[in-house]
K.L.:
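Handing you this structure, nothing more for now.
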Amino acid sequence: MTQVHSLQLEDMHSEITLTNANMRESGNGHLRRREVSCTFRPILRLMKLTGEFYGDVTIEGNLEASWSVFSRLYCGLVLLGQWFIVVQAVTSLFFEGLAQMSTFFFLLIFSIWYLQSAVVNTICFFILPKGQKRQSRLGKFIGSLLETTCNGGVNACNMYKVYSLLALVCLFVVFNTVCLTLLDLYRSSSIGRFRPWNGLFTYRLIHLIFGGFDAFAWALPFTLFYVSCKLLVGLFENLETKITTGSPDLLRIESLRKEHNKLCETVALADKVFSPLMLATVGLDVPLICINFYQLIKSPASSKEDITFVATILYWCITVTAKIVFIMISGVRVNEKVRYYSVFC
């Protein structure tokens with residue numbers, strides 16, 4: 001009788017231990033999901049404010065229908081404004097750009113920049129929103145990322161870095177807007193001052209307003225790309241810890257192989273989200289670098305005007321090159337992790 005009672009107590013103790021472990025794991029999973037959600041939320045909020053995202057920013061919640069309609073209208077208005085200043089720049093290029101080489105390059109640079117920003121924002125408009133009725137590519141990627149995070153853990157991206165990047169983007173936008181305003185007021189070199197717009201105040205104001213939105217579209221989506229890459233690298237580093245610590249058990253190897261395959265599926269979903277953005281960016285930033293570099297070599301720096309021109313071109317060269325390097329390094333790190341662990345799994 002005593003032995004039976006003792007066995008019953010042992011069974012109860014093991015059940016309680018298992019239940020506590022499951023509850024603890026479930027709690028840790030929810031905590032990790034919340035950390036990932038908090039990492040994405042400030043970026044998506046700023047993208048929503050600047051007309052690049054109209055979906056749900058809470059990641060795990062649903063956006064109310066009334067707010068969704070208002071957000072779509074706002075994003076659609078921003079997108080129309082961005083395409084309008086593309087038309088402004090291209091039209092001015094054909095009207096006045098062919099008369100003088102310096103004017104041609106000036107208008108060509110702005111045409112490429114505005115075109116890239118409008119294309120990026122158009123891509124964001126169709127592939128990023130996480131709505132109620134159907135999941136977008138971003139929704140599928142984040143859902144897979146949260147599921148993987150809940151099951152395996154992640155080295156979350158440092159929130160200080162996220163906010164620092166967002167502050168840097170805002171600083172870039174403010175600086176760009178100030179430069180466009182100074183060009184318009186003191187150099188009379190605004191796109192709205194060329195034919196056929198003829199310096200009408202309405203066209204100049206539209207150009208300045210949506211030029212600011214273009215600056216956000218030029219930089220902000222790639223902050224989302226950077227954070228996604230950091231989280232994916234963190235998941236692979238967590239897998240590395242599991243591989244290096246523990247016995248080479250057959251069941252354990254099979255479990256690690258499944259986890260690696262799941263991570264590769266998450267990376268494939270991320271690729272579907274960010275590949276169109278990378279194509280638009282690299283495809284238009286490379287010509288922008290070539291044109292600016294050509295002007296930097298050919299331009300004399302004798303007068304004050306020439307020095308200002310060279311400084312502007314140098315600024316463009318540095319920012320565009322830094323952006324491409326930033327994107328490439330983030331993508332290469334994820335690719336290295338995928339290829340490295342495929343050898344072991």
Side-chain angles (χ1 to χ4, degrees), residues 33 36-63 65 67-69 71-72 74-76 78-79 82-83 116-151 154 157 162 165 216-236 260-284 323 326-328 330-335 337-338:
R33 286 169 69 94
V36 172
S37 300
C38 289
T39 305
F40 281 112
R41 202 169 294 146
I43 303 170
L44 294 179
R45 277 180 179 157
L46 188 55
M47 290 181 72
K48 194 167 187 176
L49 187 66
T50 55
E52 294 154 48
F53 181 79
Y54 64 82
D56 172 41
V57 297
T58 60
I59 305 298
E60 298 180 81
N62 285 317
L63 187 67
W67 280 105
S68 177
V69 171
S71 188
R72 285 186 189 208
Y74 173 67
C75 290
V78 170
L79 191 59
Q82 288 176 320
W83 279 108
Q116 185 194 99
S117 300
V119 169
V120 166
N121 210 7
T122 304
I123 293 168
C124 291
F125 189 83
F126 287 104
I127 70 172
L128 292 191
K130 182 177 177 290
Q132 291 176 315
K133 292 184 179 178
R134 64 181 183 87
Q135 263 195 326
S136 65
R137 294 184 190 182
L138 180 66
K140 290 175 184 176
F141 163 60
I142 290 178
S144 177
L145 185 66
L146 291 176
E147 184 183 340
T148 310
T149 301
C150 189
N151 293 335
V154 64
C157 187
V162 174
L165 280 172
F216 273 113
W218 192 80
L220 195 52
F222 307 101
T223 307
L224 184 67
F225 173 73
Y226 168 78
V227 169
S228 300
C229 288
K230 286 289 287 183
L231 290 172
L232 288 170
V233 168
L235 286 168
F236 277 104
H260 177 263
N261 290 336
K262 179 64 180 173
L263 280 176
C264 290
E265 288 174 12
T266 307
V267 172
L269 290 171
D271 182 64
K272 288 181 180 179
V273 176
F274 296 109
S275 288
L277 293 172
M278 297 304 110
L279 178 63
T281 300
V282 176
L284 291 170
K323 176 187 168 184
F326 177 77
I327 289 169
M328 293 300 178
S330 301
V332 164
R333 283 176 181 167
V334 176
N335 185 57
K337 296 291 183 183
V338 173

K.L.:
Just so I know, are the side chains of Leu145 and Leu232 near enough to count as touching, which here means a heavy-atom distance under 4.5 Å?
P.N.:
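The answer is yes; the side chains approach within 4.5 Å.
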
K.L.:
Is there side-chain contact between Arg333 and Cys229, with at least one heavy-atom pair below 4.5 Å?
P.N.:
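With C-beta onward as the side chain, the pair stays apart.
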
K.L.:
Please report the shortest heavy-atom distance between Phe125 and Cys75, naming the atom on each side.
P.N.:
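The answer is CE1-CB, 3.8 Å.
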
K.L.:
Would you please name every residue forming a side chain to side chain donor-acceptor pair (under 3.5 Å) with Thr50, sequence neighbours left out?
P.N.:
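Thr50: side chain to side chain donor-acceptor pair (under 3.5 Å) contacts with Glu52.
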
K.L.:
Below 4.5 Å, heavy atoms only, C-beta onward: do Val267 and Asn335 meet side chain to side chain?
P.N.:
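Answer no - side chains too far apart.
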
K.L.:
Taking side chain as C-beta onward, heavy atoms only, is Arg45 less than 4.5 Å from Phe53?
P.N.:
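Of all side-chain heavy-atom pairs linking Phe53 with Arg45, none is under 4.5 Å.
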
K.L.:
Tell me, with the steps shown, if Met278 and Phe222 meet side-chain contact (heavy atoms from CB on, under 4.5 Å).
P.N.:
CA-CA 9 Å; Met278 297 304 110; Phe222 307 101; 3.5 Å; yes

K.L.:
Over all heavy atoms of both residues, which pair between Thr266 and Ser144 is shortest? Give the atoms and the distance, please.
P.N.:
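Closest pair (atom of Thr266, atom of Ser144, distance): OG1-OG, 2.8 Å.
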
K.L.:
Does atom NZ of Lys140 have more than 12 heavy-atom neighbours, drawn from other residues, nucleotides or ligands, at distances under 6.0 Å?
P.N.:
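At most 12 heavy atoms, drawn from other residues, nucleotides or ligands, come within 6.0 Å of this atom.
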
K.L.:
Would you compute the distance between atom CG of Asp271 and atom SG of Cys264 and round it to the nearest 0.5 angstrom?
P.N.:
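Here the rounded value is 12.0 Å.
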
K.L.:
Supply the atom-to-atom distance Met328 CE to Lys323 NZ, rounded to the nearest 0.5 angstrom.
P.N.:
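Going from CE on Met328 over to NZ on Lys323, the span is 11.0 Å.
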
K.L.:
To the nearest 0.5 Å, what is the distance between CG (Leu220) and CG (Leu46)?
P.N.:
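Answer for the CG-CG pair, Leu220 versus Leu46, is 4.5 Å.
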
K.L.:
For a 4.5 angstrom cut-off between non-hydrogen side-chain atoms, does Pro221 reach Phe274?
P.N.:
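A side-chain contact under 4.5 Å is absent here.
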
K.L.:
How far apart are the closest heavy atoms of Ile327 and Phe225, and which atoms are they?
P.N.:
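That closest heavy-atom pairing would be O-CE2, 3.4 Å.
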
K.L.:
For Ile123, check side-chain contact (heavy atoms from CB on, under 4.5 Å) against everything at least two apart and list the hits.
P.N.:
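Testing Ile123 for side-chain contact (heavy atoms from CB on, under 4.5 Å), a comparison that skips the adjacent residues, returns Val119, Ile127, Pro276, Leu277, Ala280.
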
K.L.:
In chain order, what residues pass the ring pair (Phe, Tyr, Trp, His ring centres under 6.0 Å) check against Phe326, with sequence neighbours excluded?
P.N.:
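With sequence neighbours excluded, Phe326 shows a ring pair (Phe, Tyr, Trp, His ring centres under 6.0 Å) to Tyr226, given in chain and number order.
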
K.L.:
Mark yes or no for whether Tyr74, through its side chain, and Leu49, through its backbone, hold a donor-acceptor pair below 3.5 Å.
P.N.:
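Side chain of Tyr74 to backbone of Leu49, a donor-acceptor pair under 3.5 Å: yes, one is there.
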
K.L.:
Just wondering, do Leu284 and Val120 contact through their side chains at under 4.5 Å, heavy atoms?
P.N.:
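Val120 vs Leu284: side chains apart.
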
K.L.:
Could you measure the distance from the CD atom of Gln116 to the OG1 atom of Thr281? Nearest 0.5 Å is fine.
P.N.:
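Nearest 0.5 Å value for the CD-OG1 distance: 5.0 Å.
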
K.L.:
As an exercise, state the distance from OG of Ser117 to CD of Gln82, rounded to the nearest 0.5 Å.
P.N.:
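Between atom OG of Ser117 and atom CD of Gln82 there are 6.5 Å.
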
K.L.:
Could you tell me the separation between the CG atom of Leu79 and the SG atom of Cys124, rounded to the nearest 0.5 Å?
P.N.:
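One gets 10.0 Å once the value is rounded to the nearest 0.5 Å.
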
